[in-house]
Amino acid sequence: MMTNSRQLASTFSLAGLALASCFMLPANAAAADEQYAKAARNYDTYCAQCHGINRNGRGINSRDMSVQPRDHTDAKGMGDIPENEILKVIKEGGLAVNKSVLMPAWGNVMSDTEIREMAAYLRHVCNCGSGK
Amino acid sequence: MNRHLLAALGLGLIAGPALAADGIGAGLLKSQCIGCHAIAKPENTSLDRLWERKGPDLYYAGSKFNKPWLEKWLQNPVRIRPAGELYARHVKGGTKEDVVDESGMAPHPKLPKADAEAVAEALMALVAPAELVSKGAFKGEKVSMAMGGMFFGKLRGCGACHMAKPGFGGASGAELYTAGERLQGDYIYSYIKNPQQFDPRIWMPTLNLAEPDLQRLTGYILQLGATEAK
């Protein structure tokens, strides 16, 4: 009897945890969406033309490009790029970090704050931490 | 008496351009075009406005377009930006790369000849302020197409977003093989030099080009129109 009620209690608490996590996951996702909303909007405006609406490097302009745009969902490739290089390449363009001229400088469009937000958003997209 | 004369002259100076701007074309602009285009400099230059506007701003059209092209295009409008404006609203994922989604694109109204001529006339009166398009900025020197092409493609990457010939190049920017017929040299020069001066949030980056490069690129784009389009 004792065991049964303990079992019942633990079943209930497990169910409770599962239920709670169901509510928590979307809440976290929604919070993340809100946190990155501005950067995502900037991404859709400036980056998606080459890096793609799915952030996979297959944008509308990528078909005829001699160097393919980076896949921002690639955790390994993105994780290897140091933070300061990400900030520099967005602000000053590919040539500034010995990469392709096809990546232009966005420093005249996005502010330094927006570029920092974009770098953080890219870490969120690649799910590859905060860099080195 | 003198004071009255001066006042009359003053009124004349003010009324002159106002009267010219009140013609049939200006009426058509105000009744048919302002739903999608700004014909006065917009106060709101936010990113939200860029996403919401339905067509390019026309408040500097007189310094941007060539009148014969405007007259022709307004009678038979064809798409200039392969992915429309703003491109991001007309793109969907494809099997390999993103593709243009034409479902949400509305065709531009076709105008009868007389209306097209009147509207072109009114648009040409919308001259850009001197700080936006500097008259005589493009020196008009002939450019080697081989050099220009290398510059446009490999060296500066313009082809990533723009097409220099039909069917090859990027789709988020305006096609440029018709630019020579469509655009004025001083506008091309000024726009490449600083696109954000025209629109602070526009999705064309500033390339920070040196003066000789700006001249070469402008000349190449103008000559593209004279060679490739025909």
Side-chain angles (χ1 to χ4, degrees), chain A residues 36-73 88-115 117-118 121 125, chain B residues 45-51 81-101 150-173 192-209:
Chain A
Y36 296 118
K38 202 174 146 204
R41 177 82 150 176
N42 277 338
Y43 191 105
D44 285 335
T45 312
Y46 307 112
C47 316
Q49 46 189 331
C50 297
H51 294 279
I53 53 171
N54 295 318
R55 283 73 171 127
N56 58 0
R58 310 310 298 262
I60 187 90
N61 290 340
S62 69
R63 189 192 66 191
D64 297 333
M65 286 168 87
S66 53
V67 178
Q68 285 298 295
R70 186 171 286 280
D71 174 356
H72 289 148
T73 64
K88 199 173 168 78
V89 75
I90 300 172
K91 184 169 178 165
E92 299 172 30
L95 290 182
V97 294
N98 296 318
K99 294 277 166 60
S100 173
V101 68
L102 300 183
M103 169 68 190
W106 292 105
N108 204 37
V109 192
M110 284 189 273
S111 68
D112 286 355
T113 306
E114 285 177 294
I115 290 173
E117 287 168 355
M118 182 64 74
Y121 174 66
V125 168
Chain B
T45 56
S46 69
L47 193 54
D48 284 344
R49 175 182 176 266
L50 203 62
W51 275 76
R81 294 163 185 80
E85 157 137 6
L86 136 71
Y87 80 90
R89 290 188 303 161
H90 306 292
V91 169
K92 59 183 179 185
T95 45
K96 278 180 75 187
E97 61 276 318
D98 294 348
V99 291
V100 176
D101 178 6
M150 191 185 287
F151 200 75
F152 183 90
K154 280 197 181 112
L155 298 181
R156 288 296 177 266
C158 313
C161 302
H162 297 278
M163 290 184 185
K165 58 181 177 186
F168 184 82
S172 64
I192 300 172
K193 190 175 184 182
N194 189 353
Q196 279 68 45
Q197 209 180 340
F198 289 79
D199 198 328
R201 301 302 309 202
I202 200 71
W203 58 96
M204 168 155 162
T206 296
L207 296 182
N208 300 313
L209 296 178

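Throughout, protein chains are lettered first and strands after them, A, B, ... in sequence-line order, and every chain is numbered starting at 1.
- Sparse packing is recorded around NZ of Lys193(B), with 12 or fewer heavy atoms of other residues, nucleotides or ligands lying under 6.0 Å away.
- For Tyr46(A) (side chain) and Arg201(B) (main-chain N/O), a donor-acceptor pair under 3.5 Å exists by modelled atom type.
- Asp44(A) is listed as a side-chain neighbour of Trp51(B), based on a closest heavy-atom distance under 4.5 Å.
- In this structure, chain B has no heavy atom under 4.5 Å from any part of Ser66(A).
- For chain B, the option among Ala48(A), Gly52(A), Gly59(A) with the highest count of heavy-atom pairs below 4.5 Å is Gly59(A).
- Of the atoms belonging to Gln68(A), not a single heavy atom falls under 4.5 Å from chain B.
- Looking at every heavy atom in both residues, Trp203(B) comes nearest to Trp106(A) through O-CH2, 3.4 Å.
- Between Met65(A) and Ala160(B), the shortest heavy-atom contact is CE-CB, 3.9 Å.
- Although no hydrogens or angles enter the test, the distance criterion places a donor-acceptor pair under 3.5 Å between the side chain of Asn61(A) and the main chain of Ser172(B).
- Counting heavy atoms from C-beta outward, Asp48(B) and Arg41(A) have side chains that approach closer than 4.5 Å.
- Not counting sequence neighbours, the partners of Asp101(B) by the side chain to side chain contact (heavy atoms under 4.5 Å, CB included) test are Lys92(B), Ser103(B).
- Residues Val100(B) and Ile60(A) are in side-chain contact: their nearest non-hydrogen atoms beyond the backbone lie under 4.5 Å apart.
- Heavy-atom pairs under 4.5 Å with chain B were tallied for Asn42(A), Asn56(A), Leu95(A); the largest tally goes to Asn42(A).
- Both the backbone and the side chain of Lys96(B) come within contact range of chain A, judged by heavy atoms closer than 4.5 Å.
- If you measure heavy-atom distances from Phe168(B) to chain A, the contacts under 4.5 Å come from both the backbone and the side chain.
- Residues forming a side chain to side chain contact (heavy atoms under 4.5 Å, CB included) with Val67(A) (at least two apart in sequence, or on another chain): Ser100(A), Leu102(A).
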